[in-house]
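A quick write-up on the structure given underneath.
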2 protein chains.
Amino acid sequence: MNGISMIQLAKELGLSVSTVSKALGDSHEISASTKKRVLELAKKYKYKPNPFASNLRKKKGKQIAVIIPDIVNNFFALAVDGIESVTMSKHYDTFIYLTHENLEREKAVLEHLESGLISGLIISVCTGREGYAHFQEFYETTRLPIVFFDRVPDLLQFPKVIANNYESSFDATARLIKAGSKRPALITTTEPMFTSMERRRGYQDALEKHGIVFTDEMIIHCTDDMALNYSILRKIFSQKKRPDGIFASIEKYAITSYEVCKDLKLSIPKDVKVIGMTNLRTAALLNPSLSTLSQPAFDMGKEAAGLLIKMIEKKSYAAANDIIVLPNELTIRDSI
Amino acid sequence: MNGISMIQLAKELGLSVSTVSKALGDSHEISASTKKRVLELAKKYKYKPNPFASNLRKKKGKQIAVIIPDIVNNFFALAVDGIESVTMSKHYDTFIYLTHENLEREKAVLEHLESGLISGLIISVCTGREGYAHFQEFYETTRLPIVFFDRVPDLLQFPKVIANNYESSFDATARLIKAGSKRPALITTTEPMFTSMERRRGYQDALEKHGIVFTDEMIIHCTDDMALNYSILRKIFSQKKRPDGIFASIEKYAITSYEVCKDLKLSIPKDVKVIGMTNLRTAALLNPSLSTLSQPAFDMGKEAAGLLIKMIEKKSYAAANDIIVLPNELTIRDSI
DNA sequence: CTTTTTTCCTATAACGTTTTCGTAAAAGCA
DNA sequence: TGCTTTTACGAAAACGTTATAGGAAAAAAG
């Protein structure tokens, strides 16, 4: 706000404002010598174009928004890291909004962004049963490009970046079985989400493939409440006919599983074999070291941002049906 | 961009644009009945003021920036969470920029932000020896409020939010000594930073207080390179006269310490007692569970954002000398 | 030596707000 | 009644850009 404006530059150069604007924009209408004069003075005064004026006039800017449920979570932190690496290099500015799994907040952010503050949106939706009408509505009113990642609404026709949840869940479950688990349980969320459904499909198909009869109680539904999860798991693992394997499809469920096993004096991996879906850096340092199915979080962020910027700049809304699938990585450690 | 504008509202209401603007701003110049009419139509059409036009005219907006070295780090993730909780509630938008400890990137971001895109800045500086002239310069040219947190430049006169690093490091070191460590080492960064210095002072004073003679080799300097850190630590802990305690003043150094001890078959806490400065959620699940000195990350973020917004809105630049100090929390577990 | 084209620049009108100033009507006052 | 003050609105000028249209001079073409 304190910097020099184009008008002052023009005045000092004895040129018109439009000439200066075009010179800075490297327009072919301006002679090389004039361009040089303009650039030099601009540099001298550290001229920076006012983004508000520019955005107002051009009706778009180089700002995008990222909406995620949580940042205190290695997966999302890595994803943001990936996104930022791209936006930074492409000279975009990145807004961040956290929903904390609160659908109202998600809707509020979306509505706020209908003001036109941004030129594109990357989002991983929060859990909730209410459908996804607000995304559709956001798109209808703004016509802005949107890229979903990881937690994607299955029904909507938007570009998405996801992991191969079905295949990798299948593989992880198969490893549990091969390691000797006769009744591996799946710990998943109560919320119906595409991501969870895919993981569940992979899990169930692996059971079937290996001749294990699936029963409903093999799926353990956990919540967002860590204390509640603890008591749910403790109850189940106190039973005689408890599971002898765990595929924790969400990071925090793996941690709670460890806590429960520790408290119930169940040995991992002897009594219970565990694979957790997580990007925890300390997985190898846990007791015992945790076998993980980790998501390509950073790359998912990178891909999402790359796709979004392509959509913004090339107007290639043809990308609207793009689905980028990246592989999860299974790392076997001492917990199975 | 697709939404309705004030002009269209005015037209439909048969009012002037200025009247509509004032009505929406709840100005006393406008009659209650007119206000009502305007508000109702605005609501009907979901009118959202164009932020670019508004910011341009008012020469300021409700956007702030957060610059941090890293987001894949529980401390900074929690801090961002705290910041966002405040900006969200005050209806501010939050830009995020990651420097990855790269001073050039930090400078580039700062220069970029001199365009006037934001109305305030929260920053935790990256390591580096080159001084902090760029902050001073940013302030000189923009006159924008800045709040530093955690990693603060000691010399500059800006408001800061920090933890009681001296006192808590003193306490942590004292606990190591009381637990039986005769030669506790401090693992710290090679970069000279106010934060590190404070921790070091606390460490050294605790040694002195307990009659332990300090020698230079008790301070282990680690870097940003995990592999290099591993070899540094491995070398030191392979010596006969190795330290029997570790105060890891940075999260990742604690993790590497664990790895080295594991590989060298040094028992924690029998051979080496460890306290790590970290906000890791899995600290309790490590083998053995890690005693931690954790920072009030979320609250630091909250305080920083609260202070910044106060400065933006009240123009109380008197806050320029505010230093908010929050307490670290020492949690003793099995590693000492 | 015209005529046409190209080169390089300017004037001006947006973009959607907010703010300052002006003013008619209504209200208050004597 | 005539005067001042208040109320409630509008006109117009900003804010700093970019885009469109145009035009004079220079260069190229005929």
Considering only [options], which nucleotide approaches the side chain of [X] most closely?
X: B/Val17; options: D/dT18, C/dA11, C/dT18; answer: C/dT18
X: B/Thr19; options: D/dC9, C/dG16, D/dT17; answer: D/dC9
X: B/Pro49; options: C/dT19, C/dT17, D/dT18; answer: C/dT17
X: A/Ala53; options: D/dG16, C/dT18, D/dT18; answer: D/dG16
X: B/Ile7; options: C/dT19, C/dG16, D/dT17; answer: C/dG16
X: A/Ser5; options: D/dA11, D/dT17, C/dG16; answer: D/dT17

Query raised in the report: Is there a donor-acceptor pair under 3.5 Å between the side chain of A/Ser115 and the backbone N or O of B/Pro51?
Result: no
Requested in this report: Without swapping roles, check the side chain of A/Ser119 against the backbone of A/Ile64 for a donor-acceptor pair under 3.5 Å.
Outcome: no
Query raised in the report: Taking only side-chain nitrogens and oxygens of A/Thr34, does any of them come within less than 4.0 Å of OP1 or OP2 of C/dC9?
Result: yes
Query - Below 4.0 Å: OP1/OP2 of C/dT18 and any side-chain N or O of B/Ser21 - result: yes
Is there a donor and acceptor pair closer than 3.5 Å between the side chain of [X] and the base of [N]?
X: B/Lys48; N: C/dG16; result: no
X: A/Ser18; N: C/dA11; result: yes
X: A/Lys22; N: D/dT20; result: yes
X: B/Lys59; N: C/dT18; result: no
X: B/Arg57; N: C/dT17; result: no
X: B/Glu29; N: D/dC9; result: yes

Query raised in the report: Salt bridge check: are A/Glu191 and A/Arg151 linked by an N-O gap of less than 4.0 Å?
Result: no
**Report entry** Whichever of A/Tyr47 and B/Ser16 has its nearest DNA chain D nucleotide further upstream toward 5'
**Finding:** B/Ser16
Report task. Take B/His28 and A/Asn50, find for each the nucleotide of DNA chain D with the closest heavy atom, and name the residue whose nucleotide sits nearer the 5' end. Result -> B/His28
Length of the line joining [X]:[atom1] and [N]:[atom2], which is rounded to integer Å:
X: B/Lys35; N: D/dC9; atom1: NZ; atom2: P; value: 10 Å
X: A/Lys58; N: D/dC15; atom1: NZ; atom2: C1'; value: 17 Å
X: B/Leu117; N: D/dG16; atom1: CG; atom2: P; value: 16 Å
X: B/Leu15; N: C/dG16; atom1: CG; atom2: P; value: 19 Å
X: A/Leu24; N: D/dG16; atom1: CG; atom2: P; value: 15 Å
X: B/Leu13; N: D/dA8; atom1: CG; atom2: C1'; value: 15 Å
X: B/Met6; N: C/dT19; atom1: CE; atom2: C1'; value: 12 Å
X: B/Leu56; N: C/dT18; atom1: CG; atom2: C1'; value: 10 Å

Requested in this report: Using only heavy-atom distances, determine whether the side chains of B/Gln63 and A/Asp93 contain a donor-acceptor pair under 3.5 Å.
Outcome: no
Query raised in the report: Can you find a side-chain donor-acceptor pair between B/Tyr45 and B/Gln8 that sits under 3.5 Å?
Result: no
Query raised in the report: Within the structure shown, what part of the strands sits under 4.0 Å from B/Ser31 by heavy-atom distance: base, sugar-phosphate, or nothing?
Result: sugar-phosphate
Query raised in the report: Reckon B/Gly14 touches a base, only the sugar-phosphate, or nothing at all at heavy-atom distances under 4.0 Å?
Result: sugar-phosphate
**Report entry** Full working for side-chain contact (heavy atoms from CB on, under 4.5 Å) between B/Leu103 and B/His134
**Finding:** CA-CA 10 Å; B/Leu103 185 63; B/His134 48 305; 3.9 Å; yes
